[in-house]
Amino acid sequence: MAKGHLNFYCWMKTKNTYQKLFSPQSIAIVGASNKKGKIGTIIAENISKLGYKGKTYLINPAYKFLGFKRCYPSLSAVKKEIDVAIICVPAKFVLGVVKEGMQNVKNFVIISAGFSEIGAEGAKREQELIALAKKNNLNILGPNCLGFINPIVNLNASFAAGMPKAGNVAFVSQSGALIVGLLDKAKEEHMGFSNVISIGNQMQVDEADILEYLAEDKETKVIGMYLEGIKDGSRFLKVAKKVSQKKPIVILKAGKTEQAQKAISSHTGALAGSDEIVDVAFKSAGIIRADNLDDFFALLGLISFTDAPKNGQMAVITNAGGAGVLATDAFKNKEIALMEFSQKAKENFAKQLPSESSVHNPIDLLGDAGADRYQNILEMLKKENPGSTICILTPQQQTPVEEIAKIITSVKEKNKMSLAAVFIGGERIKNGVLHLKQNNIPNFSNPESCVRALDQYYRWSIFANEKTDEQKYAANADCKKIVSNIIKNAREQKRGALSFSEAANVMLEYGIDSGSFWIVSADGEKPEIKEFPVVAKIDSDKVLHKSDKQGVILNIKNSGELEEALKALGQNFPGEKVLVQPMQQKQVEIILGIKKDDIFGPVIVYGLGGIYTEIFHMADFLLPPMSEAEIKKQVLSGKIRFLFQGARGQKAYDAEEFSKIIKGIMDFALENSDIDGFDINPLFIYNDGRKASAVDIKIII
Ligand code: COA
């Protein structure tokens with residue numbers, strides 16, 4: 001294409017854009033070399049020697065030819081449009097290379113290290129590159145990455161060795177080195193890949209962009225990601241939620257501990273999220289979280305090889321009673337369960353098995369079972385329609401391991417069953433397991449991992465089939481205006497927090513009631529209170545921990561005592577206002593707050609309050625926005641669900657009322673993202689018809 005023509009190049013971030021990046025028709029290697037062991041040499045060889053059929057251009061001003069292939073001094077010297085350029089020259093030259101090449105190249109992969117991960121100097125380089133990319137509609141993968149591999153078109157544009165088997169797993173990683181290890185293990189596991197992408201510092205093309213691309217990629221059935229930090233938490237979750245409706249995303253997220261988070265910041269310059277919040281966030285987006293590398297592999301293998309369980313009722317067959325017991329235990333606290341077989345089925349199983357066998361679930365075929373028992377029972381199980389069937393085996397002297405593996409394979413193919421195997425052993429099961437893997441049957445080394453992975457796969461399928469509630473949050477302009485005026489006013493008075501009456505008014509706008517109260521000053525007019533007992537507390541932004549400072553007087557029984565109390569408070573806190581509230585009967589105390597997460601934004605925390613808060617840690621997190629129905633579902637499955645289920649003969653507390661309160665706080669959090677802190681402690685809730693009441697509210701501004 002002529003140069004002038006390229007100036008009209010219209011470039012938008014579409015599916016097609018990344019198509020050219022990851023499935024290019026032409027590719028250039030900047031820094032290509034012939035010196036042994038250099039990254040430029042390895043990448044050039046990987047691209048030219050592993051079967052890639054597209055056009056390849058070698059770029060290095062030091063050579064006219066590399067081997068028999070022409071070498072160009074620069075990208076522009078090629079004088080043709082090139083779909084993607086892989087840059088492997090030192091960091092200080094990268095900006096120049098991109099500037100020079102951007103007339104005929106729009107997609108770049110920067111292998112070079114020496115950017116934000118090394119500190120200020122590198123961060124400046126990244127900023128310059130980002131600005132250039134924005135201005136010129138470029139896509140830049142990396143920097144500080146391993147490159148990418150597209151086994152479907154035999155393109156290895158990375159410095160990892162060899163070509164992985166083509167398949168349906170897309171693997172995306174923030175760590176390049178982990179890719180290399182994983183690909184090596186994948187060979188053993190017979191796992192095939194549609195894409196392997198190293199995202200490095202995700203300077204511009206980030207994990208959410210890649211998710212969007214892979215969601216549309218026909219070759220990809222499951223997306224596996226190794227992440228250390230997440231660039232833009234709310235965008236990532238939004239995209240992930242949409243993608244999860246189409247295909248499963250399995251994430252191994254590092255940075256569970258503080259030490260790991262420190263290691264990460266020096267590794268890719270990414271920001272790691274607080275781990276509990278990451279859990280909640282992933283769950284809200286239907287993401288399957290892997291605990292460790294073994295789990296990650298097991299999940300990817302399971303999803304790559306089989307369909308999700310059609311229902312939550314599982315069947316287990318085993319030739320080892322003990323392994324059957326372990327499997328039974330593994331179903332505890334899972335969404336999937338051991339199914340109850342029909343009477344007819346049990347009678348049929350019994351006809352095929354020795355009398356000592358168990359025809360209940362797990363079906364015990366006994367230690368001397370041959371392939372025929374596995375075959376007969378598997379065939380009969382089809383009629384019971386289990387969500388999935390787990391075939392457990394231990395290799396006794398007479399166990400024909402390979403033959404049984406073959407039977408499992410053929411029954412799966414014939415009956416299109418969702419099947420997983422748990423062959424337990426070492427040397428004696430090796431060939432059987434190999435046969436299973438070669439024929440797309442996932443094998444687990446223990447029943448617990450198998451049940452856990454199936455459960456996670458099943459939960460994902462439920463998520464994917466549920467309608468998502470898009471219209472969850474609509475800002476209420478009037479309410480927002482009233483509240484921002486209250487906050488503005490307090491800020492103008494240079495106050496650090498709202499007074500109780502202001503906070504109570506703010507909460508009322510969000511449907512949260514604080515009951516009746518009076519604000520008085522020690523020397524001012526006294527309220528006419530008819531019902532005692534009451535409580536008097538200092539209402540000042542300077543006294544946040546009132547009880548600790550004798551700023552609260554409880555159980556005031558008559559107006560004489562009230563007079564005394566106001567006098568005492570007036571002496572201790574001269575000039576401060578006093579809040580008088582009815583002394584409410586305590587039933588259950590709840591705490592509610594907003595925690596600001598660096599990655600995912602405001603998070604609602606709620607839990608059991610009172611003196612046991614810290615001891616029991618009965619708190620859950622919720623990520624706004626959520627609909628009231630979703631909140632209620634979470635409340636009824638969270639740590640304090642027992643309150644709303646009516647535990648031990650107690651009348652249940654009102655889950656609907658409580659969910660409305662949380663929804664109010666969510667809306668408040670979203671509309672007032674600039675406040676510094678918020679909590680209601682305590683919120684009294686009742687199960688006798690009385691309304692919940694926010695007894696104390698702190699809004700730090
Ligand atoms: N255009 C084309 N080629 C150029 C060039 C330019 N503007 N400037 C230099 N080159 C050539 C050099 O002549 C050299 O060729 P040669 O090897 O035949 O001599 C080649 O590019 C490489 O440059 P060199 O200075 O030798 O660098 P290097 O190969 O030692 O290192 C990197 C380059 C990118 C590999 C290195 O800087 C780096 O970042 N390494 C870490 C990579 C990494 O770990 N990434 C993350 C993985 S997860």
Side-chain angles (χ1 to χ4, degrees), residues 27-48 56-67 69-78 82 84-105 108-119 121-123 125-126 129 132 140-149 156-161 171-184 196-203 205 207 210 225-229 254 263-264 266-270:
I27 187 165
I29 305 109
V30 183
S33 177
N34 56 8
K35 292 185 184 147
K36 204 164 180 293
K38 293 199 80 165
I39 287 184
T41 308
I42 297 168
I43 295 185
E45 282 184 357
N46 276 348
I47 292 174
S48 56
T56 311
Y57 301 98
L58 306 178
I59 316 289
N60 190 333
Y63 309 97
K64 289 240 165 339
F65 284 89
L66 276 169
K69 202 160 167 56
R70 184 174 166 192
C71 191
Y72 295 83
S74 64
L75 283 168
S76 69
V78 175
I82 304 168
V84 61
I86 316 291
I87 303 184
C88 24
V89 298
K92 61 181 177 204
F93 301 129
V94 170
L95 185 73
V97 168
V98 175
K99 257 189 195 159
E100 195 278 337
M102 68 191 184
Q103 284 301 311
N104 51 329
V105 189
F108 294 88
V109 177
I110 303 177
I111 304 290
S112 325
F115 290 84
S116 64
E117 82 284 359
I118 61 155
E121 190 193 344
R125 280 191 193 123
E126 264 190 34
L129 268 173
L132 191 70
I140 301 181
L141 182 71
N144 189 28
C145 75
L146 188 85
F148 70 91
I149 307 175
N156 180 350
S158 80
F159 60 97
F171 177 45
V172 182
S173 178
Q174 268 173 16
S175 156
L178 203 67
I179 291 186
V180 181
L182 217 92
L183 290 184
D184 202 33
V196 177
I197 301 171
S198 161
I199 48 180
N201 291 5
Q202 327 170 54
M203 176 194 79
V205 176
E207 65 282 303
I210 303 280
M225 290 186 137
Y226 168 77
L227 295 183
E228 291 174 350
I264 286 165
S266 56
H267 188 188
T268 54

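The structure displayed is predicted, hence computed values, not measured ones. Counting starts at 1 for both ligands and their atoms, following the listed order. In this chain, numbering begins with 1 at the start of the sequence shown.
For atom 22 (C) of ligand 1, the nearest protein heavy atom (residue, atom name, distance) is Cys88 O, 3.8 Å. Counting protein heavy atoms only, atom 25 (O) of ligand 1 is closest to Pro90 CG, 3.3 Å. With respect to atom 29 (O) of ligand 1, the closest heavy atom belonging to the protein is Lys38 CE, 3.0 Å. The single protein non-hydrogen atom nearest to atom 46 (C) of ligand 1 is Asn144 OD1, 3.2 Å, given as residue, atom name and distance. Scanning all protein heavy atoms for the shortest distance to atom 44 (O) of ligand 1 gives Phe159 CZ, 4.4 Å. Counting protein heavy atoms only, atom 14 (C) of ligand 1 is closest to Asn60 ND2, 3.9 Å. Among protein heavy atoms, atom 35 (C) of ligand 1 sits closest to Ile39 CD1, 3.6 Å. Nearest protein heavy-atom neighbour of atom 8 (N) of ligand 1: Val89 CG1, 3.9 Å.
For atom 11 (C) of ligand 1, the nearest protein heavy atom lies closer than 4.0 Å. Counting only heavy atoms, the protein gets under 4.0 Å from atom 17 (O) of ligand 1.
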Decide yes or no on side-chain contact (heavy atoms from CB on, under 4.5 Å) for Val97 and Ile59, but give the supporting numbers first. CA-CA 10 Å; Val97 168; Ile59 316 289; over 6 Å; no

Might you work through the side-chain contact (heavy atoms from CB on, under 4.5 Å) test for Leu58 and Tyr63, ending with a clear yes or no? CA-CA 10 Å; Leu58 306 178; Tyr63 309 97; over 6 Å; no

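A distance-only check finds a donor-acceptor pair linking the side chain of Asn60 to the backbone of Ala32 [under 3.5 Å]. At distances below 3.5 Å, at least one donor-acceptor pair connects side-chain atoms of Gln174 with backbone N or O atoms of Gly229. Of the possible polar contacts, none joining the Lys69 side chain to the Ser48 backbone as a donor-acceptor pair under 3.5 Å is found. Thr41 contributes no side-chain N or O that, together with a main-chain N or O of Lys36, makes up a donor-acceptor pair within less than 3.5 Å. Although no hydrogens or angles enter the test, the distance criterion places a donor-acceptor pair under 3.5 Å between the side chain of Ser112 and the main chain of Val89. Glu117 places no side-chain N or O within 3.5 Å of a backbone atom of Asn201 that could act as its donor or acceptor partner.
Between Glu126 and Pro143 the shortest heavy-atom distance is OE2-CG, 3.9 Å. Contact detail for Cys145 and Ile110: the closest heavy-atom pair is SG-O, 3.4 Å.
Each of the atoms 1 (N), 2 (C) of ligand 1 lies under 4.0 Å from some heavy atom of Val30. Atoms of ligand 1 found under 4.0 Å from any heavy atom of Ser112 (numbered from 1 in listed order, with element): 34 (C), 39 (O). The Lys35 neighbourhood of ligand 1 comprises atoms 16 (P), 18 (O), 19 (O), with distances under 4.0 Å to a heavy atom of that residue. Each of the atoms 42 (C), 43 (C), 45 (N), 46 (C) of ligand 1 lies under 4.0 Å from some heavy atom of Ile111. Every atom of ligand 1 is numbered from 1 in the order shown, and the set under 4.0 Å from a heavy atom of Ile59 is 2 (C), 3 (N). Short contacts between ligand 1 and Pro61, defined as distances under 4.0 Å to a heavy atom of the residue, involve ligand atoms 1 (N), 2 (C), 3 (N), 4 (C).
Here's the thing with Tyr63: one of its N/O atoms is less than 3.5 angstrom from an N/O atom of ligand 1. At a 3.5 angstrom cut-off on N or O pairs, Val97 does not count as close to ligand 1. Considering both main-chain and side-chain atoms, Ala62 never comes within under 3.5 Å of ligand 1 through any nitrogen or oxygen pair. The N/O atoms of Asn34, backbone and side chain alike, include none that comes under 3.5 Å of an N/O atom in ligand 1.
A heavy-atom distance below 4.5 Å is not found between the side chains of Arg125 and Leu95.
With a heavy-atom cut-off of 4.0 Å, Cys145 touches ligand 1 through its backbone alone.
Scored by the side chain to side chain donor-acceptor pair (under 3.5 Å) test, Ser158 finds Asn156 as partners (sequence neighbours excluded).
Partner of Val205 under the side-chain contact (heavy atoms from CB on, under 4.5 Å) criterion, chosen from Leu141, Val109, Ile140, Ile197: Leu141.
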